[in-house]
Peer 1: 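What follows is a structure written as C-alpha cells; I'll ask about it next.
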There are 2 protein chains.
Amino acid sequence: MARLSDIIEDFLKGLIIEEEGTVEIQRNELANKFNCVPSQINYVISTRFTAEKGYYVESRRGGGGYISIKRVNSDSAGDYLMHIITSIGDRISQLTSEVFINNFLDYNIIEIREAMIMKAATSDKALIGVPADKRDDVRAAILKNMLMSMTVL
Amino acid sequence: MARLSDIIEDFLKGLIIEEEGTVEIQRNELANKFNCVPSQINYVISTRFTAEKGYYVESRRGGGGYISIKRVNSDSAGDYLMHIITSIGDRISQLTSEVFINNFLDYNIIEIREAMIMKAATSDKALIGVPADKRDDVRAAILKNMLMSMTVL
DNA sequence: ACATTTTGACTATCTCTGACTATTATTATA
DNA sequence: TATAATAATAGTCAGAGATAGTCAAAATGT
C-alpha cells in the first residue's frame, strides 16, 4: 500500500467525501504536492476513477485549467435514486410524479431541463393514448426507467 | 485560478439578464474595468458568445463605438425542434426514436443525460404496459411532449 | 515472466498580450 | 461645403504562457 498511486487515490477520495461528491484539482499542483510527474495524476485517474467505478471526470487545459472528479452513482445520489425507485409502486399519478421530480431537483440530483423532460414524459398529455385505467401504471414504468438511467451517469 | 475570461463572461451574462436579453459595452472601458488588454474582450466574445451558443454580436468602431451582445432566444434550436416535432408522425418505433435523440445530441440541442432520459422514457421497456399495437403511438406522443418542453428553455 | 507503476518527452488546448490594422466620428482647412 | 487630418474606437493575428493529455520506455512489484 506504499504505492504512490494508492496514496493519491486515497487523498482524492478523502477530498471527494469532504466536498460531498465532487473535487476539483490542478494537475501540476497535485503532482507537486506528491512529488511526482504530472502524468502520474492521469494514471491514477484513469485507473481509479473510471466510469465503471462510478466517477465522472472533466478537465480543461490552458491557464486556470483543472481536473474535476464527480462521484456519480454508488453513493448518495445513486442510492437515493434506487431507494426512490423501489419505493415507487406500480402506479403513480401525474401529481405525485411531479412532486417526486421536484424533489430530485431540490436534492440536486437532476437539472432543471432534465426535470422538464421528465415531467413532459409523465404528463397525462403525453399519455393520452393510454387507456385511463392503465395510465398510472405506464407512468410509473416510464418514471422508474428514466430514474434508472440516471443512476448510471 | 478562476480565469479572467470566465469572470468577464459571467459579468456580461449578468448584465444580459438584468437588461433582459441585450447588453452594450465599450471595449476599452470594460478592459479597463478588468485590468486587461482590450483584445481580451474580443477573445471572450468570440469564445463565449458565439452564434452557436445563441448570441448575436454587433459592434462599431470610431468615436462612440460599442459592442452589443444580444441573446437571440436560441430560436434556431427551438425552430429546429419544432420542425422535428411536426415531422414526427403519430407513431414512431423505439429505433427511430433513438436515431432522432442521437441527432439532437449531435446537434448540441440536448445533453448526454437528457438523451439518456429521453431514451429511457421511450424505450419498449418503459412502455411494456402499453398494448403492443398502441406502443408506437404513445411513444410518439411522449417524445413530442419531451421535445416541446425543450423549446421553452 | 507478467502486471502494475513511475517517468518524461512530446503534443494538444486554452488563455492572455501586444503590435499592427481597420473603421467611424470629429475637427481643421482649403 | 468638400476634403483632409486627427482622434477615438474596435478587429486581427501570431506568439507567449499555462495547463492538461498521450504514450512508450524504464522501474518495480508479484
Peer 1: Any side-chain N or O of B:Tyr43 under 4.0 Å from OP1/OP2 of C:dT15?
Peer 2: yes
Peer 1: Whole angstrom is fine here: how far is it from CZ in B:Phe34 over to P in C:dT15?
Peer 2: 16 Å
Peer 1: Pick out which of B:Lys70, B:Arg71, B:Arg48 makes a side chain to side chain donor-acceptor pair (under 3.5 Å) with B:Tyr55.
Peer 2: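 By the side chain to side chain donor-acceptor pair (under 3.5 Å) criterion, B:Tyr55 pairs with just one of B:Lys70, B:Arg71, B:Arg48: B:Arg71.
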Peer 1: I want to check one thing: is the phosphate of C:dT4, taken as OP1 and OP2, less than 4.0 Å away from some side-chain N or O of A:Arg48?
Peer 2: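 No, because none of the side-chain N or O atoms of A:Arg48 sits under 4.0 Å from OP1 or OP2 of C:dT4.
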Peer 1: Between atom OH in B:Tyr66 and atom C1' in C:dA25, what is the gap in whole Å?
Peer 2: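 The answer, rounded to whole Å, is 13 Å.
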Peer 1: Just how far, in rounded Å, is C1' of D:dT28 from CG of A:Asp6?
Peer 2: 14 Å
Peer 1: With a cut-off of less than 4.0 Å, is there a side-chain N or O of B:Asn42 near OP1 or OP2 of D:dG11?
Peer 2: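 Looking at the OP1 and OP2 atoms of D:dG11, one of them is under 4.0 Å from a side-chain N or O of B:Asn42.
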Peer 1: Are B:Tyr56 and B:Phe49 an aromatic pair, judged by ring center distance below 6.0 Å?
Peer 2: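 For B:Phe49 and B:Tyr56, the ring centres are not under 6.0 Å apart.
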Peer 1: Would you say the side chain of A:Phe11 lies within less than 4.5 Å of the side chain of A:Ile7, judging by non-hydrogen atoms?
Peer 2: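 Contact flag for A:Ile7/A:Phe11 side chains = no.
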Peer 1: Report yes if some heavy atom in the side chain of B:Ile92 is under 4.5 Å from a heavy atom in the side chain of B:Asp137; otherwise report no.
Peer 2: no
Peer 1: Of the nucleotides D:dT9, C:dT5, D:dG11, which one has an atom closest to the side chain of A:Arg3?
Peer 2: C:dT5
Peer 1: Base, sugar-phosphate alone, or nothing: which one does B:Gly63 contact when heavy atoms must sit under 4.0 Å apart?
Peer 2: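 Result for B:Gly63 = base.
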Peer 1: When you check the phosphate oxygens OP1 and OP2 of C:dT6, does a side-chain N or O of A:Ser5 lie under 4.0 Å from one of them?
Peer 2: yes
Peer 1: Send over the distance from A:Arg27 CZ to C:dA12 P, rounded to a whole Å.
Peer 2: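 Going from CZ in A:Arg27 over to P in C:dA12 covers 15 Å.
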Peer 1: I need the CD-C1' distance between A:Glu29 and D:dA20, as an integer number of Å.
Peer 2: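 Distance check: A:Glu29 CD to D:dA20 C1' gives 14 Å.
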Peer 1: Please state how far atom CG in B:Asn32 lies from atom P in D:dA8, giving the value in whole angstrom units.
Peer 2: 15 Å
Peer 1: Could you tell me if A:Ser5 and A:Gln40 have a donor-acceptor pair between their side chains, going purely by distance under 3.5 Å?
Peer 2: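 A:Ser5 and A:Gln40 do have a side-chain donor-acceptor pair below 3.5 Å.
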Peer 1: Heavy atoms from C-beta onward define the side chain here; which of D:dT12, C:dT7, D:dG21 lies closest to that of A:Gln40?
Peer 2: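 Minimum distance to the A:Gln40 side chain belongs to C:dT7.
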Peer 1: Please confirm whether the shortest side-chain N or O distance from A:Arg60 to OP1 or OP2 of C:dT15 is below 4.0 Å.
Peer 2: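 Yes, within the criterion.
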Peer 1: Which one, C:dG18, D:dG11, C:dC16, comes nearest to the side chain of B:Ile67?
Peer 2: D:dG11
Peer 1: To the nearest angstrom, how far is B:Leu4 atom CG from D:dT19 atom P?
Peer 2: 13 Å
Peer 1: Please evaluate the base of D:dG21 for a donor-acceptor partner in the side chain of A:Arg61 within a cut-off of under 3.5 Å?
Peer 2: no
Peer 1: Do any side-chain nitrogens or oxygens of A:Asn28 fall under 4.0 Å of OP1 or OP2 in D:dA18?
Peer 2: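 No, because none of the side-chain N or O atoms of A:Asn28 sits under 4.0 Å from OP1 or OP2 of D:dA18.
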Peer 1: Between atom CD1 in B:Ile7 and atom C1' in C:dC16, what is the gap in whole Å?
Peer 2: 13 Å
Peer 1: Would one find a side-chain N or O of B:Ser59 under 4.0 angstrom from OP1 or OP2 of D:dG11?
Peer 2: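 Indeed, a polar side-chain atom of B:Ser59 lies that close.
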Peer 1: Is there a donor-acceptor pair closer than 3.5 Å between any side-chain N or O of B:Arg3 and the backbone N or O of A:Gly63?
Peer 2: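 Checked: pair present.
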Peer 1: Closer to the 5' end of DNA chain C via nearest nucleotide, is it A:Cys36 or B:Val44?
Peer 2: A:Cys36
